[in-house]
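Step one of this worksheet: look at the structure below.
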Amino acid sequence: MFRINKEKFRTDTVRNLKLHGTILEKATKREIFEAVSKTAMDLVASDWRETKKTYDNEDIKQAYYLSAEFLMGRAFSNNLVNLTIYDEVREILEEMKIDINCIEDQEEDAGLGNGGLGRLAACFLDSLATLELPGHGYGIRYKYGMFKQNIENGFQVEVPDKWLENGDPWQIERRSEAVVVKFGGRIIVEKDDEGREHFKRVDAELVTAVPFDMPVIGYGNRTVNTLRLWQAESPDGFNLQMFNDQHYTTAVKDITKAEDISRVLYPNDSGPSGKELRLRQQYFFVSASLQDLVRKFKAKHGDNFKIFPEKIAIQLNDTHPVVAIPELMRILMDWEKLEWDEAWGIVTKTCNYTNHTILSEALEKWPIDIFQGLLPRVYQIIEEINRRFMIDVRMAFPGDWEKHNKMSIIGHGVIRMAWLAIYGSARINGVAALHTEILKKQELKNWYEMYPHKFLNKTNGVTQRRWLLKANPDLSKLITDLIGMNWITDLSKLKELEKFAEDKEIIDKFIETKLNAKKKLVKYIKEHNNVDIDENSIFDVQIKRLHEYKRQLLNILHVIDLYFKVKSNPNLDVVPRTFIFGAKSASGYRRAKNVIKLINAVGEVVNNDKSINGKIKVVFLSNYRVTLAEKIFPASNLSEQISTAGKEASGTGNMKFMLNGAPTIGTLDGANVEIVEEAGEENNFIFGLTAEEVHNYNVNGGYNPWDTMKKTEGLEKVMNSLIDGTFSSDHNMFAEIYNSLVYGIDGNRPDEYYILKDFEGYRETQKKVDLAYRDKYGWAKKAWLNIANSGKFSSDRTIKEYADEIWGIKKIEVK
Ligand code: 26Q
């Protein structure tokens, strides 16, 4: 265990303040944050070097997680926790009369991701380092991360996220390791003395990729892995010659164009891509990362590329980095002079692909003209890959032209990145058991038929270090007092909690930790939303990106129904409830933004209606992000996981609720299925259509939302409230929502997400929640058993599986 000399830590921090030109008595909180971070970074430095040396000396295989997103959140506390010096540093600061929480609050979130996929990448890095596995991340150093969300008059307003404005003490620039990435231009073919053809690019646009490294610190060990993020710059900076030539504006434009690449994270987490800048981003970080890898490989092994797959495993996080497959071909053939077959053998042994969605519109497709113009040589290589692939397809399915067309990597004017990924990868995985089954049986059926051995499941997980130990210190302490500390690195140990499920004394303590967390959130809500919340009400929480398939709309329609019932009968016997929402919407997703407005409008009416005696409150917490999530999960009583069955690949928020003792109300979708398997259906609240039923309706029809609305008690009244001015004096405000559910808009079927269909089941199940919550110990037992059975959902378990079954990397201790 890493212990520090408190006195030295203190004097080092004071010295860092001096170096910064200030002293303790005068320093701002931000300056103290920077000084403490710097002291901690210095502690990390030697282990970081030692880790690299160990990996290098032992010449072991290493894994690289290529991802356009890493949703890291704050580094400060997390790193202190993993260094196991958090409590000491808190005491040191206390002695200086400084509250560590105020220091923490000086740090911006590293919000370099949209949601689940980006946060998963961050949890994976934490697990890799904690398990002493040689695995690192490669991504983009966006200047602006996920936008900040303000709510103005109930509407989402996006504000740029200038997270780097004050610098970041947790990153190290490594300019000496910059590489060049080329776009556009033409290809010329040159013949060498032996008559071999070589491809060269001329007139290309050059962009410099500058790496910034962040340490990824293992919990309680000496392993420090690396997250390397690339920043785009213009190669010759400000071109003075041009300046003199009065081409000033041209020079500025070129610089801006290069810098544009890493300027901003795309804030949509699905839907059509097709934007050239997005492709530039993808190729930029992929090419830089592969150049980096190949350079390091050659420094050690020269041109012995045969052993490349024995030293390097690459994981492609969704289709976003899939251009790695033809790019690695290009590097191996054009630069390293390998023949096609040898290069292809290496690529297909090295690369693996994770699919995170079944929404076919979210599978990336690039228009050929855009792709070819930007990456002419890479496009040639994809054409050749496809030519060879189609030979295999024709052999596998002779005469089945329809299948040939469907499976072709290039077709209908686009390149299908998911197809390229499957053909070019050793292993393909889904992110929950149900998801993987749906991929195999439906979305990727043809592919599974051809390459059954490539497919496997890797159910997602989350790191308990951030989502329990750090986020919920009171509950963590209770658990540690009962079963010791081993759960921190082995979550299956939580099973030992099961025997206390009916121990009144212990459960009372558990109830107290939950209440304390709720009190903190009550304070936060008062400060941010100016709404008074009853700490004894059920905290019923839905926090996740706003998407139609996630069905925040089902939740708010139920709230409206409940509100009408209480309003018409103020003595109605219901347990007071606080409905809490947090969600960002893609900036161009009109329907989703309209749902945010609806939630806020309902809150406005309900929260101010004296006649319901405060029995219902509706709160929309703005700017949902990692740091806010850390405050909400510990305070939650009920986890809303109500996606249309078959649509949510896994979900990971569901696991964070479980870990913090909130039972799930949900559909049998994604990892909910496995959560209920582990924790017991009797400790959760399952309702709604199954994935199979949804599929059958989709294929065969037979669902009539209008009839359902008419037949379901109270539902018509709820629906009418959307268009009769109950929640907006502008009767048109929510008309589109109404129409999309009842009539269908723009040629879409009505109620594509089966919201009205599942309404009754949801409402009935919410009644069961209400009844169950009245039994204080009965409820606490359910919550407790969820915690005790959450072991499977540690990302440590997930990463072990990736390491053993996909990457073939082994644990190695850093001394
Ligand atoms: C694609 C093209 C252009 C611009 C953006 C994108 C884009 C960006 C982000 C597409 C998708 C994403 C993110 C997807 C995502 O977060 N998926 C979630 O992944 C989680 C981790 O596996 C799952 O738990 C969730 O079920 C899944 O929705």
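Since we're looking at a predicted model, the values are computed, not measured. Counting convention: from 1, in listed order, for ligands and their atoms alike. Just so you know, residue 1 is the first one in the sequence shown, and it goes up from there.
Inclusion of Leu117 in the set of residues having an N or O under 3.5 Å from an N or O of ligand 1 is warranted. Considering backbone and side-chain atoms alike, Glu364 places every N or O at 3.5 Å or more from each N or O of ligand 1. Polar contact with ligand 1: present for Asn460 (N/O pair, distance under 3.5 Å).
Of all atoms in ligand 1, numbered sequentially from 1 with element shown, those under 4.0 Å from a heavy atom of Asp269 are 7 (C), 8 (C), 9 (C), 10 (C), 11 (C), 12 (C), 13 (C), 14 (C). Near Tyr549, meaning under 4.0 Å from one of its heavy atoms, ligand 1 places the atoms 28 (O). Remark: ligand 1 atoms within the under-4.0 Å shell around heavy atoms of Ala649 are 26 (O).
Using 4.0 Å as the threshold, Thr357 has no heavy atom nearer than that to any atom of ligand 1. Contact between His320 and ligand 1 is present, with at least one heavy atom of the residue lying under 4.0 Å from the ligand. The shortest separation from a heavy atom of Gly651 to ligand 1 is under 4.0 Å, placing the residue in contact.
In this structure, the ring of Tyr762 has its center less than 6.0 angstrom from the ring center of Phe687. Taking the six-membered ring for Trp and the full ring otherwise, the centers of Tyr283 and Phe183 sit less than 6.0 Å from each other. Remark: aromatic rings of Phe124 and Tyr802 are close, center separation under 6.0 Å.
Of all the heavy atoms of Glu69, the ones lying under 4.0 Å from any atom of ligand 1 belong exclusively to the side chain. Contacts of Arg545 with ligand 1, taken as heavy-atom pairs under 4.0 Å, are absent altogether.
Ser67 contributes a side-chain N or O that, together with a main-chain N or O of Glu69, makes up a donor-acceptor pair within less than 3.5 Å.
Annotation: cation-pi geometry satisfied between Lys584 and Phe147 (NZ/CZ under 6.0 angstrom from ring centroid, within 45° of ring axis). The side-chain tip of Lys454 points at the ring of Tyr451 from less than 6.0 angstrom away and within 45° of straight on. The cationic group of Arg427 does not satisfy the cation-pi geometry with Tyr353, failing either the under 6.0 Å distance to the six-membered ring centre or the 45° limit from the ring axis.
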Fill in: Candidate pair Ser289 and Trp230, rule side chain to side chain donor-acceptor pair (under 3.5 Å), full reasoning
CA-CA 8 Å; Ser289 307; Trp230 300 99; 3.1 Å; yes
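In this comparison of Glu648, Met417, Arg278, Lys365, the heavy atom closest to atom 4 (C) of ligand 1 sits on Arg278.
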